[in-house]
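The figures here come from the full heavy-atom set of this structure, side chains too, leaving out hydrogens, waters and symmetry mates. One-based numbering along the sequence shown.
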Amino acid sequence: MLLLALVAGLGAVLLAARWMQQQGGEKSRIAVASTDIALGARITPDMVRLTEWPRTSVPEGAFTEATPLDGRVAVSALHRGEPVLQARLAPVGTQGGLAAVVPEGKRAMTVRVNDVVGVGGFVLPGTFVDIMVNTQGEGATRGNDEKSVSKIVLERLLVLAVAQEANRDETKPKVVNAVTLEVTPAQAEVLDLARSVGNLSLVLRNQTDPAPVQTAGATKAMLLGLKPVVAAASAPLPSVMTSGTSHPAPRRVVKRAAPPAPAAPRGDCVEIIRGPVKSIECF
């Protein structure tokens, strides 16, 4: 009985080993990161290594040799042990740095921020922000805040870097003085104009919220709940030009009938002229 049990156990082990081998399938060797690779970093031979990987589970774009990876630039951060894929790398010949991260047709533009404009340091690489500008509306004069308006002019801009840091794995708030945003050429023009005509503010938004929102902007009258004053309609009145007025209002010319001539007095009359005043005295 002991011998029979030993033979049965040995057979079960062999069958289990064969089943596990069939489940794993044939092995292949692919290149994986041997250390954490930062976004925009140039890959060197000591950053990658070859490791066994199930042939049926090899990801698309994986490298079976480490030689072609020498000098390539990562467009996204890679963690240790993660396969190095073609989609995670910049084209051959690309120089390292932030320029390799900017997609085709996009641009990178930097704006100056502080701890308040930068949402308390929570604006980090990989987050999305809206751009709000506070400026003077049409017809406003210098020092007059009655026409000031705040308006969101750009939405869902990707933050590429804060200061000189482009690592998207950081979650700890970081107060910096500059933020680099990913924009289209048209958005770059709007952002530059907004920066020159008013004060910018960054509005942090959820990364999973892509829906645009159209707003009319906020004015001081809306903030205080004031209603616009509508002038009552009235008949136009003739205006009088006063001294010192550079642009007088147009005057309405009204023709009046000449007064009737006084009846000729009887007796001896004398016409007396005193300056511009003329009178007739009769005796």
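Across all their heavy atoms, Val213 and Glu155 have their closest contact at O-OE2, 2.7 Å. Smallest separation of non-hydrogen atoms from Pro125 and Ala161: CG-CA, 4.0 Å. When all heavy atoms of Val75 and Ala100 are compared, the pair lying nearest together is CG1-O, 3.5 Å. Closest heavy-atom contact between Leu160 and Ala108: CD1-CB, 3.8 Å. Nearest heavy-atom pair, Val133 versus Gly198, reported as atom, atom and distance to 0.1 Å: CG2-CA, 4.1 Å. Across Ala33 and Leu78, no two heavy atoms sit closer than the pair CB-CB, 4.5 Å.
For Thr67, the side-chain hydrogen bond (donor to acceptor under 3.5 Å, both in side chains) test picks out no residue, with sequence neighbours left out. In this structure, Asn114 has no side-chain hydrogen bond (donor to acceptor under 3.5 Å, both in side chains) partners at least two apart in sequence or on a different chain. The salt bridge (charged side-chain N to carboxylate O under 4.0 Å, His left out) search around Glu271 returns Lys278, not counting sequence neighbours. Thr110 is linked by a side-chain hydrogen bond (donor to acceptor under 3.5 Å, both in side chains) to Thr180, counting only residues two or more places apart in sequence or in another chain. Remark: Lys106 pairs with Glu182 by the salt bridge (charged side-chain N to carboxylate O under 4.0 Å, His left out) rule, at least two apart or across chains.
Here the CG-CG distance, from Leu191 to Leu154, works out to 6.0 Å after rounding to the nearest 0.5 Å. Between Ile30 atom CD1 and Thr51 atom OG1 the span is 7.5 Å, to the nearest 0.5 Å. The structure places OG of Ser76 at 7.0 Å from CD of Glu82, a figure rounded to the nearest 0.5 Å. Here the straight-line distance linking atom OG1 of Thr44 with atom CG of Leu69 works out to 10.5 Å at 0.5 Å rounding. One distance of note links CG of Leu181 with CD of Gln187; it measures 9.5 Å at 0.5 Å rounding. Atom CG of Leu200 and atom CG of Asn134 lie 10.0 Å apart (nearest 0.5 Å).
Formation of a donor-acceptor pair under 3.5 Å by the Ser34 side chain with backbone atoms of Asp46 is found in this model. Put simply, the side chain of Lys151 gets close to the backbone of Thr215: a donor and an acceptor are under 3.5 Å apart. Judged by distance alone, the side chain of Arg195 and the main-chain N or O of Asn199 form no donor-acceptor pair under 3.5 Å. At least one donor-acceptor pair closer than 3.5 Å links the side chain of Thr127 to the backbone N or O of Leu124. In this structure, Ser148 contributes its side chain and Gln136 its backbone to no donor-acceptor pair below 3.5 Å. Judged purely by atom type and a 3.5 angstrom limit, Arg88 uses its side chain to pair as donor or acceptor with the backbone of Ala77.
Within the 4.5 Å cutoff, the side chain of Met132 has no heavy atoms near those of the Val153 side chain. Side-chain contact between Leu89 and Val84 is present, with heavy atoms from C-beta onward closer than 4.5 Å. At a threshold of 4.5 Å between non-hydrogen side-chain atoms, the residues Val183 and Leu157 count as touching. Val48 places a side-chain heavy atom less than 4.5 Å from the side chain of Ile43. You'll find the side chain of Thr184 stays beyond 4.5 Å of the side chain of Arg107, heavy atoms only. Counting heavy atoms from C-beta on, the side chains of Leu39 and Val101 come closer than 4.5 Å.
A single hydrophobic cluster is not seen to contain both Met47 and Trp53; linkage of ILVMFWY side chains at heavy-atom distances under 4.5 Å, directly or through other members, places them apart. Cluster membership for Val123 and Ile152, using ILVMFWY side-chain heavy atoms within less than 4.5 angstrom, is not shared. Note on Val162 and Leu204: same hydrophobic cluster, where clusters join Ile, Leu, Val, Met, Phe, Trp and Tyr whose side-chain heavy atoms are under 4.5 Å apart, directly or indirectly. Leu85 and Leu50 fall into different hydrophobic clusters, defined by Ile, Leu, Val, Met, Phe, Trp and Tyr side-chain heavy atoms under 4.5 Å apart, directly or through other members. Note: the hydrophobic cluster containing Val111 does not contain Val175 (ILVMFWY, side chain heavy atoms under 4.5 Å, direct or indirect links).
Arg156 forms a cation-pi arrangement with Phe128, by the criterion of a distance under 6.0 Å to the ring centre and an angle within 45° of the ring axis.
Within the structure, side chain to side chain donor-acceptor pair (under 3.5 Å) pairs that include any residue of residues 2-14 do not occur (at least two apart or interchain).
For the residue pair Arg80 and Thr35, no side-chain donor N or O sits within less than 3.5 Å of a side-chain acceptor on the partner.
Salt bridge annotation for Glu65-Arg29: absent, with no cationic side-chain nitrogen under 4.0 angstrom from a carboxylate oxygen.
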Handout entry: side chain to side chain contact (heavy atoms under 4.5 Å, CB included) between Phe63 and Gln86, worked out
Key = CA-CA 8 Å; Phe63 292 85; Gln86 180 67 38; 3.1 Å; yes
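Just one residue in the list Val203, Val159, Leu158, Val179 forms a side-chain contact (heavy atoms from CB on, under 4.5 Å) with Val129, and that residue is Val159.
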